[in-house]
Amino acid sequence: MDTDVRRYLDDLVAVARTVLGENLIGAYAAGSVGLDAYQPGRSDIDVALLCADPVPEPAKRTLVAGLRHEALPCPARGLELVTYRRAVAASGTPEPGFEVELNTGARMPFRATYAPADRPVADGHFWYALDRSILHQHGYPLLGPPAAEVFADVHPADLRRLLVDALTWWLALPTPPGDEPAAGAEDAVLGACRSLVRFRYGRWLAKTDAGQRLVAEGDEATPVIERSIAARLGGPPPTGPQARAFQQRVLDEITRPL
């Protein structure tokens, strides 16, 4: 693990312990860190905290104050932190179910959400169960038992619906219509690759690894996938129409009757 990231995660857990006390029973690196795909300068740091009991409102706000970038500088683009109760993590629910959510960083808009009902529907409610599914397979324990013991995977039918919701959400975002490279199109393509690999094979892979798996299988969209992978290393991303066409194809496969 990157030294700066390791130090930051240690400090983060220390702050969480101070605020939450014995209620804190686990802390897990997720996202690119958990998937061993962290890319300095590009990746976020994703963390899930696990509590035994509901977190009181004052403690939620104290936790946010102690972990926001101004109090604990994040060495990545930003921190995406979500706190769950143990019962929610173990339930496999497709619902958000979080106690408190924090997005903060030098290059990330600040957001603190203190209950799922406060999360705008337009921002997507599918992220959380998908993240817990990834944690079930790849959560990196910073504190507490192995992630697979505390985070249940979601039911296959719920997973399929959540993947459809995620792809539909991505497709609804504005996309440049022309033939010029579109900033962010590589993430749209590689995110769809990850969804497709999870749907087909039951395993979560890092976005680039998922793209490489589809390329190795001779996927018809190999040129677009390869361009998306190269864009993560500084090359030009695909065009908006290329990204949308691939996303739509993935959505069509996932929604096709089994």
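What you see is a predicted model; the values in this text were computed from it and never measured.
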**Q.** Verdict with supporting geometry, Ile225 and Glu186, side chain to side chain contact (heavy atoms under 4.5 Å, CB included)
**A.** CA-CA 8 Å; Ile225 298 172; Glu186 72 277 15; over 6 Å; no
Q.
What verdict does the salt bridge (Lys or Arg N to Asp or Glu O under 4.0 Å) test give for Arg6 and Asp10, after you've listed the backbone C-alpha separation in whole Å, the side-chain angles of each residue and the deciding distance to 0.1 Å?
A. CA-CA 6 Å; Arg6 177 77 257 184; Asp10 288 343; 2.9 Å; yes
**Q.** CA sep, side-chain torsions, deciding dist, call: Leu50, Leu24, side chain to side chain contact (heavy atoms under 4.5 Å, CB included)
**A.** CA-CA 6 Å; Leu50 192 67; Leu24 180 69; 5.9 Å; no
Q. Is there a side chain to side chain contact (heavy atoms under 4.5 Å, CB included) between Asp131 and Val82 once you walk through the steps?
A. CA-CA 10 Å; Asp131 286 344; Val82 187; 5.6 Å; no
Q | Audit row: Leu9, Val47, side chain to side chain contact (heavy atoms under 4.5 Å, CB included) steps and yes/no | A | CA-CA 9 Å; Leu9 291 172; Val47 175; 3.6 Å; yes
Q: Show your working on salt bridge (Lys or Arg N to Asp or Glu O under 4.0 Å) between Arg7 and Asp2 and close with a plain yes or no.
A: CA-CA 9 Å; Arg7 185 181 302 114; Asp2 181 275; over 6 Å; no
Q.
Between Asp219 and Arg249, is the salt bridge (Lys or Arg N to Asp or Glu O under 4.0 Å) condition met? List the steps.
A. CA-CA 12 Å; Asp219 191 281; Arg249 201 198 94 199; 2.7 Å; yes
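Of all non-hydrogen atoms in Gly211 and Ile229, the two that sit nearest each other are C-CD1, 4.1 Å. Here the shortest heavy-atom pairing between Gly66 and Leu72 reads O-CB, 3.9 Å. What you find for Ser32 and Ser43 is that their closest heavy atoms are OG-CB, 3.4 Å. Taking each heavy atom of Leu167 and Ala192 in turn, the nearest pair found is CD2-CB, 4.0 Å. Considering all non-hydrogen atoms of both residues, Arg227 and Pro181 come closest at NH2-CG, 3.6 Å. Contact record, Ala27 with Val13: CB-CG2, 3.9 Å, taken as the closest heavy-atom pair.
If you check the side chains of Tyr128 and Glu101, you find a donor sitting under 3.5 Å from an acceptor. Side chain to side chain, Asp153 and Ser133 meet the donor-acceptor criterion of an N or O pair below 3.5 Å.
A donor-acceptor pair under 3.5 Å links the side-chain atoms of Trp169 to the main chain of Ala122, judged by distance alone. Listed for the Lys60 side chain is a donor-acceptor partner under 3.5 Å among the backbone atoms of Glu99. Looking at Asp44, its side chain never comes within 3.5 Å of a backbone N or O of Asp46 through a donor-acceptor pair. A donor-acceptor pair is defined here as one N or O able to donate and one able to accept, closer than 3.5 Å; no such pair exists between the side chain of His138 and the backbone of Gly34. Judged by distance alone, the side chain of Arg132 and the main-chain N or O of Pro96 form a donor-acceptor pair under 3.5 Å. Between the Gln39 side chain and the Arg232 main chain, a donor and an acceptor come within less than 3.5 Å of each other. A donor-acceptor pair is defined here as one N or O able to donate and one able to accept, closer than 3.5 Å; such a pair exists between the side chain of Gln137 and the backbone of Trp204. No side-chain donor-acceptor contact under 3.5 Å links Arg85 to the backbone of Pro54. With Thr113 contributing its side chain and Arg119 its backbone, the two residues share no donor-acceptor pair below 3.5 Å. Within the 3.5 Å criterion, the main-chain N or O of Leu171 finds no donor-acceptor partner in the side chain of Thr175.
Using a 4.5 Å heavy-atom cutoff, the side chains of Leu251 and Thr168 are in contact. Between Glu95 and Pro116 the shortest side-chain heavy-atom distance does not fall below 4.5 Å. Looking at Leu159 and Phe199, their side chains never come closer than 4.5 Å, going by heavy atoms from C-beta outward. Counting only heavy atoms from C-beta outward, the side chains of Pro146 and Tyr140 never approach each other to under 4.5 Å. Side-chain contact between Tyr38 and Ile45 is present, with heavy atoms from C-beta onward closer than 4.5 Å.
Note that CZ of Arg244 is 11.0 Å distant from OG1 of Thr239, once rounded to the nearest 0.5 Å. Rounded to the nearest 0.5 Å, atoms CG (Leu81) and CG (Leu63) are 6.5 Å apart. For the atom pair CZ (Arg198) and SG (Cys193), the distance works out to 16.0 Å, reported to the nearest 0.5 Å. To the nearest 0.5 angstrom, Leu162 atom CG is 5.0 Å from Leu130 atom CG. Taking CG of Leu143 as the reference point, atom CG of Leu49 lies at 9.0 Å (rounded to 0.5 Å). The line from OG1 of Thr93 to OH of Tyr84 is 10.5 Å long, rounded to the nearest 0.5 Å.
Stacking of Arg213 on the aromatic ring of Tyr201 is recorded, both the 6.0 Å distance cut-off and the 45° axial limit being met.
Note: the hydrophobic cluster containing Met108 does not contain Leu173 (ILVMFWY, side chain heavy atoms under 4.5 Å, direct or indirect links).
Heavy-atom neighbours of Glu253 CD from other residues, nucleotides or ligands within 6.0 Å: above the threshold of 12. For Asp252, the CG atom is densely surrounded, since the number of other residues' heavy atoms within 6.0 Å is greater than 12. Annotation: Arg160, atom CZ; neighbour count of heavy atoms from other residues, nucleotides and ligands within 6.0 Å is above 12. The 12-atom threshold is not exceeded at CG of Asp36, counting heavy atoms of other residues, nucleotides or ligands nearer than 6.0 Å. Counting heavy-atom neighbours within 6.0 Å of Glu217 CD, excluding the residue itself, gives a total above 12.
Test Asn103, Asp123, Thr104 against Arg111 for side chain to side chain donor-acceptor pair (under 3.5 Å) and you get one pass: Asp123.
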